[in-house]
Amino acid sequence: MRRLRREVTLGRFVVGVGALIVVIATVRAHPVVCGLLGALVLGVAVTVHRMRGGRFRESRARADARTGGTHSIAAYQHMSGSQFEHAVADLARRDPGVRAATVSGGANDRALDVLVQLADGRRIAVQCKRFAAGNRVGAPVVYAVNGTYRAYHRCDTALIVTTSDFTQDARRANAELDQPLRLVDGRTLSRWAAGGRPPWYP
């Protein structure tokens, strides 16, 4: 048995040395081609590693935000705009009163990032603003959402959800509307993520 193991180990060693000799001979005979192939393999490996790391960071951030951990707002702020829209849609889907939450953001979205449809038939337009703490949402965003959510998107009400806060002008403009929007600032978003009532309830 020991002799068999030694023979197998010796065989593997011989095969390994033979393969190394073939590789060295190939590199010497075709250095340019081998260099290009090596660079290509390295590039593919780096790209795959970065993609896997990016997907992991995104899923981890969205999971942290959904569970309402102590760093949920920080997790939201580290997302891209698109990731934040999907995270808000994920929050909406937690509510048993929600029939569907569809991400609609993109170019020419007409101030609609997420469309929430409640089980009672109501449609809610959601505008998402992933801003740093010192960058507050201004009145122009309020006017833009107010101008489209009923006439264009046929929604019953609208939310503006931000990771930061709203300017005084934005809050004043919203208070003057016939049907004020729901303004969800970072603190309200954090409470929602931690399991609080969704903002479409009074």
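Positions are given from 1, in the same order as the sequence printed here.
- Using modelled atom types, no side-chain atom of T148 and backbone atom of A111 make a donor-acceptor pair closer than 3.5 Å.
- Legend: residues meeting side chain to side chain donor-acceptor pair (under 3.5 Å) with N135, ordered by chain and number and at least two apart, are absent.
- A donor-acceptor pair under 3.5 Å links the side-chain atoms of R130 to the main chain of M79, judged by distance alone.
- Judged purely by atom type and a 3.5 angstrom limit, R136 has no side-chain atom pairing as donor or acceptor with the backbone of D165.
- A cation-pi arrangement is absent between R171 and F166, since the terminal nitrogen or guanidinium carbon is not both under 6.0 Å from the aromatic centre and inside a 45° cone about the axis.
- Of the inter-residue distances, the one linking R172 atom CZ with T167 atom OG1 reads 8.5 Å to the nearest 0.5 angstrom.
- Y76 is connected to V116 through a chain of hydrophobic side-chain contacts under 4.5 Å among Ile, Leu, Val, Met, Phe, Trp and Tyr, so both are in one cluster.
- Here CG of L183 is found 9.0 Å from OG1 of T188. Values are rounded to the nearest 0.5 Å.
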**Study point:** Trace of the side chain to side chain contact (heavy atoms under 4.5 Å, CB included) decision for L112 with Y152
**Key:** CA-CA 10 Å; L112 175 68; Y152 190 82; over 6 Å; no

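- Residues V184 and V98 fall within the same hydrophobic cluster, defined by Ile, Leu, Val, Met, Phe, Trp and Tyr side chains chained together at heavy-atom separations under 4.5 Å.
- Side chain of R94 to main chain of A193: a donor-acceptor pair is present (N/O by atom type, distance under 3.5 Å, no hydrogens or angles).
- Using a 4.5 Å cut-off on side-chain heavy atoms (C-beta onward), I124 and V114 make no contact.
- Without hydrogens or angle criteria, T163 side chain to F131 main chain gives a donor-acceptor distance under 3.5 Å.
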Practice item. Check step by step if side chain to side chain contact (heavy atoms under 4.5 Å, CB included) holds for Y201 and D95. Key: CA-CA 11 Å; Y201 295 119; D95 179 18; 3.0 Å; yes

Below 3.5 Å, can you tabulate the donor-acceptor pairs from side chains in residues 155-162 to any protein atom, sequence neighbours excluded?
| residue | atom | partner | partner atom | Å |
| --- | --- | --- | --- | --- |
| D156 | OD2 | R123 | N | 2.8 |
| T162 | OG1 | K129 | O | 2.9 |
| T162 | OG1 | S164 | N | 3.1 |
| T162 | OG1 | S164 | OG | 3.1 |

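- Q83 contributes a side-chain N or O that, together with a main-chain N or O of S80, makes up a donor-acceptor pair within less than 3.5 Å.
- Contact check on D120 versus R122 returns a salt bridge, with a Lys/Arg side-chain nitrogen under 4.0 Å from an Asp/Glu carboxylate oxygen.
- Hydrophobic clustering, with ILVMFWY side chains joined whenever heavy atoms are under 4.5 angstrom apart, keeps V88 apart from V137.
- Note: Q179 CD to N174 CG = 11.5 Å, rounded to the nearest 0.5 Å.
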Point to revise | Step-by-step side chain to side chain contact (heavy atoms under 4.5 Å, CB included) determination, L181 to Y149 | key: CA-CA 10 Å; L181 313 178; Y149 84 90; 3.7 Å; yes

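- The closest donor-acceptor contact from the side chain of H153 to the backbone of R110 lies under 3.5 Å.
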Practice item. Would you check, one step at a time, whether the test side chain to side chain contact (heavy atoms under 4.5 Å, CB included) holds for V126 with L115? Key: CA-CA 6 Å; V126 183; L115 174 62; over 6 Å; no

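- Once rounded to the nearest 0.5 Å, the distance linking CH2 of W200 with CH2 of W192 reads 4.0 Å.
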